[in-house]
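Numbered from 1 within each chain, the chains take letters A, B, ... in sequence-line order.
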Amino acid sequence: MRPETEAELAEIIKGADGPLSIRGGNSRSMAPAGAVLETGGLSGVELYEPGALTLVVKAGTPVAEVEALLASEGQRLPFEPMDHRALLGTTGEPTIGGLAAANISGPRRVQAGACRDYMLGVRFVDGNGVVLKNGGRVMKNVTGYDLVKLMAGSYGTLGVLSEVSFKVLPQPEAAATVLIDGLDDATAVQAMSAALGSPYDVTGAAHAPVGVDGTPVTMVRIEGFAGSVAYRTEQLQAQLGKFGDVRVETNAVNLAAGWKWIRDVEGLAAQEGDVWRISVKPSDGPRVAAALNARGVMYDWGGGLVWALTDPGQDIRSLLAGIDGHATLVRASAETKAQIAMLQPEPAPIAALTAGIRQKYDPRGILNTGLMG
Amino acid sequence: MEMPKPNPELLAIKPTLVKKLQGVLPLDAVIHEEAETRAYECDALTAYRCPPLAAVLPRNTEEVAAVLKICHDMGVPVVPRGAGTSLAGGSLPTADSVILGVARMNEVLETDYDNRFIRVQTGRTNLSVSGAVEEEDFFYAPDPSSQLACAISGNIAMNSGGAHCLKYGVTTNNLLGVTMVQMDGTVVEIGGAHLDAGGLDLLGVICGSEGQLGVVTEATLRILRKPEGARPVLMGFDSNEVAGECVSDIMKAGVLPVAIEFMDRPCIRATEAFAGAGYPDCEALLIVEVEGSDAEITEQLDKILAIARSHNPVELRESTSADESARIWLGRKSAFGAMGQINDYMCLDGTIPVNQLPYVLRRIGEMSAEYGLGVGNVFHAGDGNMHPLILFNANKPGDLEKCEAFGADILNLCVEVGGCLTGEHGVGIEKRDLMVNQFTPEDMEAQMAVKDVFDPKWLLNPAKVFPLATSETRRIAAE
Ligand SMILES: Cc1cc2nc3c(=O)[nH]c(=O)nc-3n(C[C@H](O)[C@H](O)[C@H](O)COP(=O)(O)OP(=O)(O)OC[C@H]3O[C@@H](n4cnc5c(N)ncnc54)[C@H](O)[C@@H]3O)c2cc1C
């Protein structure tokens, strides 16, 4: 099924007599059981006002199309969405709806915020086939409950997005990465904390124990106007010197490739094993890695996001007991996914709330059944 | 603004209720004498007042849970209260409700500079959160003008913003986690020091839910390192259109000012008379502030000044000292007070797409003439969050009603041009009945469904946010 309009989408959901498997570009290849409902027919930019930093776009629009349009005006999606295709070995074209439904963000999340922080409004069809809207296209809006946040990261289980409005931002004039070589994980997290706790507005802080050349590398990113970037880079270089030898990269092509390498977890993508995405407070990052005894790890968000490559079929969550946060199983075989929940199971009172909300929005339980537990 | 009639059965059980509350709280934390409950009869929307049945002042999460359990079992509505600075009537009680005030809960529970967060009890005032991390040169970014008085609990409930939210975002973008007590006494922990939700983003919907989903007792907040410095520039224009275009060009240029504030002629004149900040007498005035080191500030201001010059300003005033910076901000900061000197005023809070600014300002001017009530505009221009201040005379019969009708027209205009009823003050009772102009019945159903899950008996702050007729069946089922 591939509706061309929101009204058609509503008809399909209303008339459904069994589970629906909602599909944007299928670049996450989540494929819950059910009749496939594709969103690709709901495509196109509804409104783009560069001077107001506002973009309204239909949910099935390819992310690449949106990024190209924004780039033509020197703007971008500030949350630096990850592209999962290399990691998952998929080929589909990521869509805006998928991005929003999974609240996908990248390295800049640590400073700029997540996808959910840039979503101004949504239109969607709930499990009863009712067309709903929340939020809008303006940057400040507290009118009624914020269902936009509820929809961000709901993986299609509360409704099928038909349209999303975003706040966008200008691309910076210049950027630089301060690199430190050879740090162990704990020292790297300390260095990144120092950088993120400085007044220099760091927009990325990542660490790979095994960098592109096989040795540890720690990366701290600065963006802005040229003079300002030069100044802050110099300040950081001095401040981080106590942790190790500091280099600076300013070549635009290398910068883009380096942060894409972090964003898309390219350092782990080619190796065998399950891949987990673990969100904790930054100083717990190395504890997570130690507890897992993983085949490989990468740290983003100053240590607060740990990507771990683990033995296939292993449920790591029990190993992380006592560390606050959550672990998402991002890559695994179909058999493993059938056994281990993708998302961290919630404590009973929270699970009761989320089940209650799901029951209200999708009483028949037909939208991406089982995807969120 | 209508409020539901108090339930006589609840008024009758007051003595039993008070006894039970005294059983779980210190004696002085249960306020029930009529002379004393009056202190809780209103918030900053002072036109509406009603003393509650009782007010309680618990000291921690356990006491909050005990109070809520009692009220839940007896079917008594509860209105959570922070500092009572809501401009929307968010913490206005009904005669049959209990005010649950968090004013005694103001401890800092944990400060963690390495991980850049602070955990506080939510009765702590906004400014004193920044105060607690100041010595390490950190701050909590959302800065409502009421920050000296308002509590974090109210900020979370209203998803409050501030002058600096253009760069740093509003409360929801700086809130990492909460401890919350549901109406039946269940304590839940949502979020924490880590980023983003592992499942549904409940934190996102709790923030801005105006005290209707639970009582938030503790909060984990993101703290940031202070910038090295900040400097404003003032520019005057002879038309609102041109000022609006200038704002748009600044935003497009990639400069991300921390604030872009806008004042129109009536407001400029009033503040000039009041504060004498030396503002030019012009149609529209902008204050733009940027942050960074001295050189960085200069780099950004050069770009901003070039843009401003291309729009033929009637005045461009740079600051070369802290004193001059303070003078630039002086008028803006005293704008509300200045308007208050002239008259009683009502402060609106709609948001519009920034390119609609000139049109909306012109329409407001026309309506002002039609209603015969003066209006001044001062607002956050970078994000289109308007604060029209309508002047009226509270002692003149019919003036308040006229002012409310004018206000409603302005807010509906905001919706009409693609904006919304409230950008940061919340719906409360003030904009409750206008919700039908922004949302379909189904849209409101979807929101109320969330409350059904968190508070099935609709006992928490029940008469707010949704039009009374819309929430009626749910509220009556609760009785
Ligand atoms: C002069 C002035 C200037 C202002 N400037 C701004 C501004 O710049 N930006 C802005 O956004 N607002 C502003 N406001 C509005 C107001 O200050 C904010 O809405 C503030 O967040 C309210 O906080 P409070 O502690 O006073 O909350 P209250 O008024 O006590 O309550 C507000 C809401 O929060 C709920 N609530 C309180 N505590 C809890 C709790 N523990 N759990 C759940 N719900 C709770 C209440 O039920 C109510 O619905 C201003 C107000 C004034 C008077």
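With salt bridges taken as basic N to acidic carboxylate O contacts below 4.0 Å, none links A/E80 and A/R109. With respect to the salt-bridge test (charged N to carboxylate O, under 4.0 angstrom), the residues B/E445 and B/R474 qualify.
Residues B/F139 and B/Y168 bring their aromatic ring centres within 6.0 Å.
Note: B/P353 leads B/P353, B/G418, B/G384 in heavy-atom pairs under 4.5 Å with chain A. When each of B/Q182, B/E296, B/E245, B/H380 is scored by its heavy-atom pairs under 4.5 Å with chain A, the top score falls to B/E296. Ranking B/G208, B/G199, B/G169 against chain A, the residue ahead of the rest is B/G199, based on heavy-atom pairs under 4.5 Å. When B/T440, B/D383, B/L200 are compared by the number of non-hydrogen pairs under 4.5 Å with chain A, B/L200 comes out ahead. Between chain B and the options A/Q75, A/Q171, A/K167, A/K133, heavy-atom pairs under 4.5 Å are most frequent for A/K133. Of the listed residues A/I357, A/L150, A/T143, the one with more heavy-atom pairs under 4.5 angstrom with chain B than any other is A/T143. For chain A, the option among B/Q212, B/E424, B/E442, B/R432 with the highest count of heavy-atom pairs below 4.5 Å is B/E424. Listed options B/L203, B/V354, B/N385 were ranked by heavy-atom pairs under 4.5 angstrom with chain A; first place goes to B/N385. Top candidate by heavy-atom pairs under 4.5 Å with chain B, chosen from A/P349, A/P345, A/S228, is A/S228. Of all the listed residues (A/Y231, A/Y155, A/Y361), the one sharing the greatest number of non-hydrogen pairs under 4.5 Å with chain B is A/Y231. Ranked by heavy-atom pairs shorter than 4.5 Å toward chain B, the options A/D324, A/V130, A/T328, A/I350 are led by A/I350. Ranked by heavy-atom pairs shorter than 4.5 Å toward chain B, the options A/G303, A/G224, A/G144 are led by A/G144.
With a threshold of 4.5 angstrom between heavy atoms, B/T172 approaches chain A through its backbone and through its side chain. Only the backbone of B/I352 comes within contact range of chain A, with heavy atoms under 4.5 Å apart. Interface residue A/A152: only backbone heavy atoms are found under 4.5 Å from chain B. For A/Q235, no part lies near chain B; criterion is any non-hydrogen pair under 4.5 Å. Contact of B/K431 with chain A is not made at all, since no heavy-atom distance falls under 4.5 Å. Looking at B/M158, the atoms closer than 4.5 Å to chain A (heavy atoms on both sides) all sit in the backbone: N, CA, C or O. Neither the backbone nor the side chain of B/V415 comes within less than 4.5 Å of any heavy atom in chain A. For a residue to count as touching a neighbouring chain, one of its non-hydrogen atoms must lie under 4.5 Å from one of that chain's; by this rule B/Y113 does not touch chain A. Only the backbone of B/A197 comes within contact range of chain A, with at least one heavy atom under 4.5 Å from a heavy atom of that chain. With a threshold of 4.5 angstrom between heavy atoms, B/V205 approaches chain A through its backbone and through its side chain. Within the 4.5 angstrom heavy-atom criterion, atoms from both the backbone and the side chain of B/D114 approach chain A.
The stretch residues 246-258 of chain B places B/S248, B/M251, B/K252, B/A253, B/G254, B/V255, B/L256 near chain A, each with some heavy atom under 4.5 Å from a heavy atom of that chain. Residues of residues 192-202 of chain A placed with any heavy atom under 4.5 Å of a heavy atom in chain B are listed by number as A/S193, A/L196, A/G197, A/S198, A/P199, A/Y200, A/D201.
Between atom OG of residue A/S105 and atom CZ of residue A/F79 there is a gap of 6.5 Å, rounded to the nearest 0.5 Å.
Side-chain polar atoms of A/R358 and A/T354 form no donor-acceptor pair below 3.5 angstrom. Defined by atom type and a distance below 3.5 Å, a donor-acceptor pair is missing between the side-chain atoms of A/N103 and A/R116. Side-chain atoms of A/S283 and B/N115 form a donor-acceptor pair, as typed in the model, at a separation below 3.5 Å.
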request  = Any chance you could lay out the side-chain hydrogen bond (donor to acceptor under 3.5 Å, both in side chains) test for B/T422 and B/D349, step after step, and finish with the verdict?
outcome  = CA-CA 5 Å; B/T422 170; B/D349 169 52; 2.5 Å; yes
request  = Please assess B/E291 against B/E228 for the test side-chain contact (heavy atoms from CB on, under 4.5 Å), listing each intermediate value before the final yes or no.
outcome  = CA-CA 7 Å; B/E291 288 179 346; B/E228 290 176 86; over 6 Å; no
request  = Mind running salt bridge (Lys or Arg N to Asp or Glu O under 4.0 Å) on A/E49 and A/R137 for me, showing each step along the way?
outcome  = CA-CA 10 Å; A/E49 283 172 2; A/R137 48 172 279 215; 3.1 Å; yes
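The minimum heavy-atom distance between B/C414 and B/G350, with the atom names listed, is SG-CA, 4.0 Å. For the residue pair A/A112 and A/Y118, the shortest heavy atom distance occurs at O-OH, 2.8 Å. Scanning all heavy atoms of the two residues, the minimum distance from A/G159 to A/F124 falls at CA-CD1, 4.0 Å. The two residues A/V138 and B/C420 come nearest to each other via the heavy atoms CG2-SG, 3.9 Å. Residues B/M435 and B/V465 share a closest heavy-atom pair of CG-O, 3.2 Å. Closest of all the heavy-atom pairs between B/L421 and B/Q438 is N-OE1, 3.0 Å.
Of the possible donor and acceptor atoms, none in the side chain of B/D452 sits under 3.5 Å from a partner among the backbone N and O of B/P456. Side chain of A/D284 to main chain of A/R287: no donor-acceptor pair is present (N/O by atom type, distance under 3.5 Å, no hydrogens or angles). Between the B/T171 side chain and the B/S160 main chain, a donor and an acceptor come within less than 3.5 Å of each other.
Inter-residue side-chain proximity for B/F138 and B/I118 is flagged as unmet; no heavy-atom pair is nearer than 4.5 Å.
Counting non-hydrogen atoms of other residues, nucleotides and ligands closer than 6.0 Å to CD of A/E234 gives a total of 12 or fewer.
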